[in-house]
Enquirer: 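Please see the structure below; I have some questions.
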There are 2 protein chains.
Amino acid sequence: MRYAHHPATEDLSLPEVMAALSDPLRIGLVRVLADGAERGWGELRAPVAKSTLSHHLRVLRDAGVTRTRQEGTRCFVTLRRRDLDERFPGLVGALLGAAEAEDVGGVHLASDPGAARR
Amino acid sequence: MRYAHHPATEDLSLPEVMAALSDPLRIGLVRVLADGAERGWGELRAPVAKSTLSHHLRVLRDAGVTRTRQEGTRCFVTLRRRDLDERFPGLVGALLGAAEAEDVGGVHLASDPGAARR
DNA sequence: TACCTTGTTCGATATTCGACGAACAACGAA
DNA sequence: TTCGTTGTTCGTCGAATATCGAACAAGGTA
């Protein structure tokens with residue numbers, strides 16, 4: 001956890017980013033982060049074990065989709081929207097648009113418990 | 001080969017399409033088909049065994065990215081650009097734009113042998 | 001110091017994927 | 001009918017992926 005690896009913007013790989021965004025749960029995580037706000041991991045509610053969630057967040061981070069910041073024992077995550085748009089213009093927007101229409105994900109925020117039933 | 005399965009436009013799955021488009025070779029195939037023209041499989045030059053190429057073309061077809069038409073013993077493939085744009089507006093365009101910039105693929109046409117060296 | 005919370009890492013397992021060669025099936029041509 | 005071409009399918013391999021629970025490490029808190 002200490003030295004979380006974040007690829008530089010110029011090192012983002014299109015196939016790797018596409019692969020990271022091909023899992024429903026990870027698409028759901030990106031949707032939750034789409035408003036640009038930084039979220040604490042504790043806010044994220046996903047129907048998987050915490051080790052599995054940790055794994056998916058790592059995949060997103062390693063691909064350069066998200067950025068993780070550590071503060072004490074807890075972590076905060078943001079979407080690297082600016083970097084992604086710079087390298088792959090329109091890709092994230094198109095994905096988010098499609099994901100909203102499809103309601104892909106199963107991830108929601110702790111502050112919005114009703115989302116679990118939608 | 002006989003009954004190639006093509007999902008209906010409304011059955012396209014975003015994660016499945018993203019997964020299909022997360023392999024460099026398959027991105028290369030989509031690039032070659034990006035001009036909308038129908039291509040015979042014999043035109044496609046990719047650095048893999050024919051069974052592997054067949055596999056990738058099947059993944060694209062099953063995900064609904066391409067459409068295969070059979071004529072005698074040979075097959076022709078097209079990009080389902082209209083269907084994809086209808087369900088996932090902007091996604092294919094963004095992918096192709098990024099793929100061009102990155103030169104992802106390693107696939108070219110038999111009619112353009114110079115492409116192998118570019 | 002002794003907990004508690006938080007997130008990572010470690011096995012273990014099951015599944016999927018990408019790749020290949022070989023065998024096969026379908027069709028057209030000789 | 002006998003080939004030759006074309007593309008699919010099969011069997012196999014190693015590598016990667018998704019998932020879980022358990023163990024662990026780091027940092028606050030009592």
Side-chain angles (χ1 to χ4, degrees), chain A residues 1-6 13 15-30 33 38-63 65-78 104-107 109-110, chain B residues 1-6 13 15-30 33 38-63 65-78 104-107 109-110:
Chain A
M1 185 219 248
R2 270 125 304 179
Y3 297 112
H5 171 246
H6 291 90
S13 147
E16 196 176 341
V17 168
M18 293 296 290
L21 297 177
S22 69
D23 182 279
L25 194 104
R26 291 196 291 262
I27 293 177
L29 290 168
V30 170
L33 297 173
E38 182 175 64
R39 301 292 181 182
W41 295 36
E43 293 181 77
L44 306 174
R45 290 288 177 277
V48 291
K50 67 172 183 171
S51 57
T52 302
L53 181 59
S54 179
H55 161 70
H56 284 298
L57 286 164
R58 183 206 225 289
V59 172
L60 288 173
R61 187 180 60 220
D62 286 352
V65 175
T66 58
R67 188 180 302 282
T68 292
R69 181 176 66 86
Q70 193 176 358
E71 187 175 296
T73 78
R74 61 184 66 179
C75 291
F76 298 89
V77 61
T78 54
V104 177
V107 181
L109 292 174
Chain B
M1 185 218 248
R2 269 125 306 180
Y3 297 113
H5 172 246
H6 291 91
S13 148
E16 196 174 339
V17 168
M18 292 294 291
L21 297 177
S22 69
D23 182 278
L25 196 114
R26 292 195 293 262
I27 293 176
L29 290 168
V30 170
L33 298 172
E38 181 175 64
R39 301 293 181 182
W41 294 34
E43 293 181 76
L44 306 174
R45 290 286 176 280
V48 291
K50 67 173 183 172
S51 58
T52 303
L53 181 60
S54 179
H55 160 70
H56 284 298
L57 286 164
R58 184 208 224 289
V59 171
L60 288 172
R61 186 180 61 220
D62 286 353
V65 175
T66 59
R67 188 181 302 282
T68 291
R69 181 175 67 86
Q70 193 176 357
E71 187 175 295
T73 78
R74 60 185 65 181
C75 292
F76 297 89
V77 60
T78 53
V104 178
V107 181
L109 292 173

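Order of the sequence lines sets the chain letters (A, B, ...), proteins ahead of strands, with each chain counted from 1. The shown structure was predicted, so the numbers you read here are calculated from the model rather than taken from an experiment.
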Enquirer: Please check the phosphate of D:dG4 (OP1 and OP2 only) for any side-chain N or O of B:R74 closer than 4.0 Å.
Expert: no

Enquirer: How far does CH2 of B:W41 sit from OG1 of B:T68, to the nearest 0.5 angstrom?
Expert: 5.0 Å

Enquirer: Using 0.5 Å steps for rounding, measure from the CZ atom of A:R45 to the CG atom of A:L53.
Expert: 10.0 Å

Enquirer: State the OG-CZ distance between A:S54 and A:R61, to the nearest 0.5 angstrom.
Expert: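 So the OG of A:S54 and the CZ of A:R61 are separated by 7.5 Å.
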
Enquirer: I'd like to check the side-chain hydrogen bond (donor to acceptor under 3.5 Å, both in side chains) partners of B:H56; sequence neighbours left out, ordered by chain and number.
Expert: B:R26

Enquirer: Identify each atom pair where a protein N or O and an N or O of nucleotides 18-23 of chain D are less than 3.5 Å apart, giving names and distance.
Expert:
| unit_1 | atom_1 | unit_2 | atom_2 | d |
| --- | --- | --- | --- | --- |
| D:dA18 | OP1 | A:R26 | NH2 | 3.3 |
| D:dA18 | OP2 | A:R26 | NH1 | 3.3 |
| D:dA18 | OP2 | A:H55 | NE2 | 3.3 |
| D:dT19 | OP2 | A:H56 | NE2 | 2.3 |
| D:dC20 | OP2 | A:A49 | N | 2.9 |
| D:dC20 | OP2 | A:T52 | OG1 | 2.7 |
| D:dG21 | N7 | A:S51 | OG | 3.4 |
| D:dG21 | O6 | A:S51 | OG | 3.1 |

Enquirer: To the nearest angstrom, how far is A:D62 atom CG from C:dT8 atom P?
Expert: 11 Å

Enquirer: Residues two or more places apart in sequence or in another chain: which of them pass salt bridge (Lys or Arg N to Asp or Glu O under 4.0 Å) with A:R39?
Expert: A:D35, A:E43

Enquirer: Rounding to an integer number of Å, can you tell me how far B:R58 CZ sits from C:dG18 P?
Expert: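 Nearest whole value for this atom pair: 13 Å.
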
Enquirer: State the CG-CG distance between B:L44 and B:L57, to the nearest 0.5 angstrom.
Expert: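 Going from CG on B:L44 over to CG on B:L57, the span is 6.5 Å.
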
Enquirer: Can you list everything that forms a salt bridge (Lys or Arg N to Asp or Glu O under 4.0 Å) with A:R69? Sequence neighbours excluded, please.
Expert: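 Testing A:R69 for salt bridge (Lys or Arg N to Asp or Glu O under 4.0 Å), a comparison that skips the adjacent residues, returns A:E38, A:E71.
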
Enquirer: Could you tell me which residues satisfy side-chain contact (heavy atoms from CB on, under 4.5 Å) with A:R67, sequence neighbours excluded, listed by chain and number?
Expert: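 In terms of side-chain contact (heavy atoms from CB on, under 4.5 Å), with neighbours along the sequence ignored, A:R67 is linked to A:H6, A:T78, A:R80, A:D83.
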
Enquirer: Using a heavy-atom cut-off of 4.0 Å across all strands, would you classify A:R69 as base, sugar-phosphate, or nothing?
Expert: nothing

Enquirer: With the criterion being N/O to N/O and under 3.5 Å, what pairs connect the protein with nucleotides 27-29 of chain D, and how long is each?
Expert:
none

